[in-house]
Structure formats: structure tokens, C-alpha cells
Amino acid sequence: MNENAILDEALLALKNNTDIESGKTNAINKNGNELHYDFALTLKQRDAIQHYHVLIKQRPSLVQLALLIDNDKEDIVNDTTTRNDGAKTLLVADYVDTKASEFLKNHQCHFIDSVGNAYLNFGSVFVYITGNKAPKKPAESKPSRAFQSTGLKLIFNLLCHPDDILNRSYRDLSEICGVSLGSIGWIINDLKAAGYLSLTENDQRKWADRNGLIQRWVVAYAEKLRPKLLLGYYKSLQRDWYKTVDPKSFSASWGGEVAADHLTHYLKSEFSTIYTDESLGKLVLLNGLKEVPEKSTANVEVLQKFWHFDNPKTPDLVPPLLVYADLIASGDSRNMETANIIYREFLDDHH
DNA sequence: AGCATGAGGTGATCAAAATG
DNA sequence: CATTTTGATCACCTCATGCT
């Protein structure tokens, strides 16, 4: 199902469920570096009218939505030229599940999907439909090796090293990343096919869309790799316990909020994320951490370190890309602003 | 729960290309 | 030319998922 088909079906579903009419849709090409609005359209019911810029997504995940909402907020502030008609952003998807619906409604983000779920709120119009079942044809999923757990490891290494690592041999990459030789080819070719990587005239590999890959990586990391890395949730008794800890002595590094605090001095961290290689038992024991089953009752999470290079400038911290990813993955809107600061300062065209 | 299935991941092995 | 290095490919393994 392509983007046009999703839009058509979603508008049809809306028409069947409500008496809202959709005005003409115009394709617009706004090549902003962050967001890309595909269409402009108008919805109206009697005298209530609302202009929209349309953003089309397939099966958006919660992480994607959090990112989208945050970027959109900034975008509206920065974009006075095309927004002066009071246009809002309308998310159009093939399917938005109940959790995502609730999330979108809470953030005042209007959406419609192809099975009739919707949240709209303008003028006298208020529509909130949720719970409609996913379309049975689970939207052609082209499984890409690049964004599975091994692919994400390789990409992380590629993004964190100087760009000349791109042209190391598959065997070198396999060694550096701890990914099997057989996987490297699949992943590299996936990245080329998806337009993130290209070849120069003399067959050197080079980035074609590095920033786009970062965005894609962050989302896939939160969904595919991060859950597998979780070693446990813990509760520490003293507040600010982490300030006296030297993570190096546990072959560990800070991620998430603690690292963000170090990098930006902008965020006061309340939840600690720590990536460790092996000394989990020692770490837990010496710091008086108590294991708890749920994230909600924890204030520390311990994750398995999945890379093998050092971070020379700030050895106590994980690389900025991962700090950024941790903040995004937390889903905490409080962290999004800090995440953007880190992106701009450490990740955006920083090579 | 137990079972079957298949996608994802691995390392050995291949032929082509590079090296000298 | 012989040798080494490279990317591609293969059979096999594992583990998550879905079904009964």
C-alpha cells in the first residue's frame, strides 16, 4: 500500500463514519530536513473548516509518534510562511492502534487511519474514534536486514566512527562490530537499496542520507535492539547515588538522562541508564541496587553494552548518538527538548 | 503448555579481483 | 604467474512467533 492509497482509504473511512467532507488535496513538496509534508488538504463540516498539512506513515510506532510530535512542535514555530492559514498537521496512517490513539489525542495531534480510527478537534467538530481493528492485510512489510538487531549494531558503528570506516572490508567490519561476516553484505546492500548509502565513481562507499539514517536508526533501535539489551530494572535507595560512582571501574558507561545531563547541563536526571559489559553483579552489589520487576518502580536500568570501541572524549558516557536514542526511547516528553539539543550539537552534520 | 514454522543470523567456502 | 584479499553464497543453527 503506497502513500496515496493510504490517504485515499483513510479519507474514505472518515467519510463513511462521519459527515465531514474532505476538500481537495494538493501535493506539496516541502523538503525540510526534518519533516516532509506530502499533501495539503481541508476538512469541513457545515461551517467548521480546518486546513491541514498531511503526514503519511505506515503503522507508526509510539516512538515514531513521540518523535513526530516533538519535531512538529518545532516546525510550526519555525515555519511562519506556509502556516499562516492556521494549518495543523494531520497524521494519516493505515492503522493507529488504541495506545497510539490515546497518545495522539493527549498531544492534540489530529489523525485519521484507513480503518476509521480518528481524532479531530476543530471548531464545533470533535471526533474521537478508536478500537477499530487493524486491516488484515498487514501492509506489505519488506523485511530489511539493516534494521534488525545485527544491522543496527553495524550502523551504530558506522555512524559513530569517522566516515573512512565505510570503506573497510567486510571482514574488518565484521571484526569491529561483532557481527558475522555473512550479515555484513546483507546490511550494506539494504542500506544502498534504501538510499542511505551510495557509491562514488571509483566504487567507494559514502553516505547518501546520513541524517535520515540517524532518524531511522533511533526508531528501530528503540523497537528492535534496545529491548533485547535489558539486563534489569533497579531501585537505588539514595537519590543522586550515581554522582559518586565511577562507571569505568565496572566497565560501564552512562546513557540516557545522566549522560544528557553531562553533555548539556540542561536536564536534571531522575532516571539512570547504564550500559555495562560484564560486571553487572559487582555493579549492583557495590551500589546497593535492588532489582525490581517493572520500569515504573525503578530509577535505574541496566543494559548490555553492544559495541566495542572507546569514547575517548567522554569515556564515562556512551556515544552521543546513543544518548539521543535513549532519550527518544524513553518516550518521556520531558526528555525530547534535551534530545533535540544533543542532536543539533553532537549529531547533525558533525562530520 | 507444547509444537511447528520460518525469519534472522552465522561461519565455512567459493570464485573473482587485487596484489606483487 | 602464485598468492592473498575480497564480497557473495550456502547450509545450518537459533530463537521468536503463532498455532493447536
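Everything numeric here is computed off the predicted structure, so don't read it as measured data. In the text below, chain A, chain B and the rest are named by the order of the sequence lines, each starting its count at 1. Computed from heavy atoms alone, side chains included, the values below leave out hydrogens, waters and symmetry copies.
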Report task. May I have the distance from L225(A) (atom CG) to dG8(B) (atom P), rounded to whole angstrom? Result -> 15 Å

Report summary line: Whole-Å distance, D190(A) CG to dG9(B) C1', equals 13 Å

Query raised in the report: Does S149(A) make a side-chain N or O approach to OP1 or OP2 of dG9(B) shorter than 4.0 Å?
Result: yes

Query - Euclidean distance, atom CZ of residue R145(A) to atom C1' of dG9(B) [Å, nearest integer] - result: 7 Å

Query - Nearest-angstrom distance from the residue atom CH2 of W186(A) to P of dG8(B) - result: 10 Å

Query raised in the report: How many Å lie between CD on Q148(A) and P on dG8(B), as a whole number?
Result: 5 Å

Report summary line: Between R171(A) and T150(A), the residue closer to the 5' end of DNA chain B by nearest nucleotide is T150(A)

Requested in this report: State yes or no: do W186(A) and L158(A) share one hydrophobic cluster built from I, L, V, M, F, W and Y residues joined by side-chain heavy-atom distances below 4.5 Å, directly or via other members?
Outcome: no

Query raised in the report: By salt bridge (charged side-chain N to carboxylate O under 4.0 Å, His left out), which residues pair with D8(A), not counting sequence neighbours?
Result: none

Query raised in the report: Does a salt bridge link E257(A) with R334(A), judged by any charged N lying under 4.0 Å from a carboxylate O?
Result: yes

**Report entry** K88(A) charged N/C atom sitting above F122(A) aromatic ring, 6.0 Å / 45°
**Finding:** no

**Report entry** Touch class at under 4.0 angstrom, heavy-atom based, for S183(A) against every strand present
**Finding:** base

Report task. Starting from P on dT10(B), measure out to NZ on K153(A) and report it in whole angstrom. Result -> 7 Å

**Report entry** Atom pair distance, as rounded to whole Å: CZ in F147(A) and P in dG9(B)
**Finding:** 13 Å

Query - Lys/Arg N to Asp/Glu carboxylate O, R59(A) vs D97(A), below 4.0 Å - result: no

Query raised in the report: Can you give the first and last nucleotides of DNA chain C, 5' to 3', that have an atom under 4.0 Å from a heavy atom of chain A?
Result: dT6(C) to dT9(C)

Query raised in the report: Would you say the side-chain atoms of D261(A) and S269(A) include a donor-acceptor pair closer than 3.5 Å?
Result: no

Requested in this report: Could you tell me whether the side chains of N299(A) and E270(A) share a donor-acceptor contact shorter than 3.5 Å?
Outcome: no

**Report entry** Protein-nucleotide distance (L181(A), atom CG; dA12(B), atom P), rounded to Å
**Finding:** 10 Å

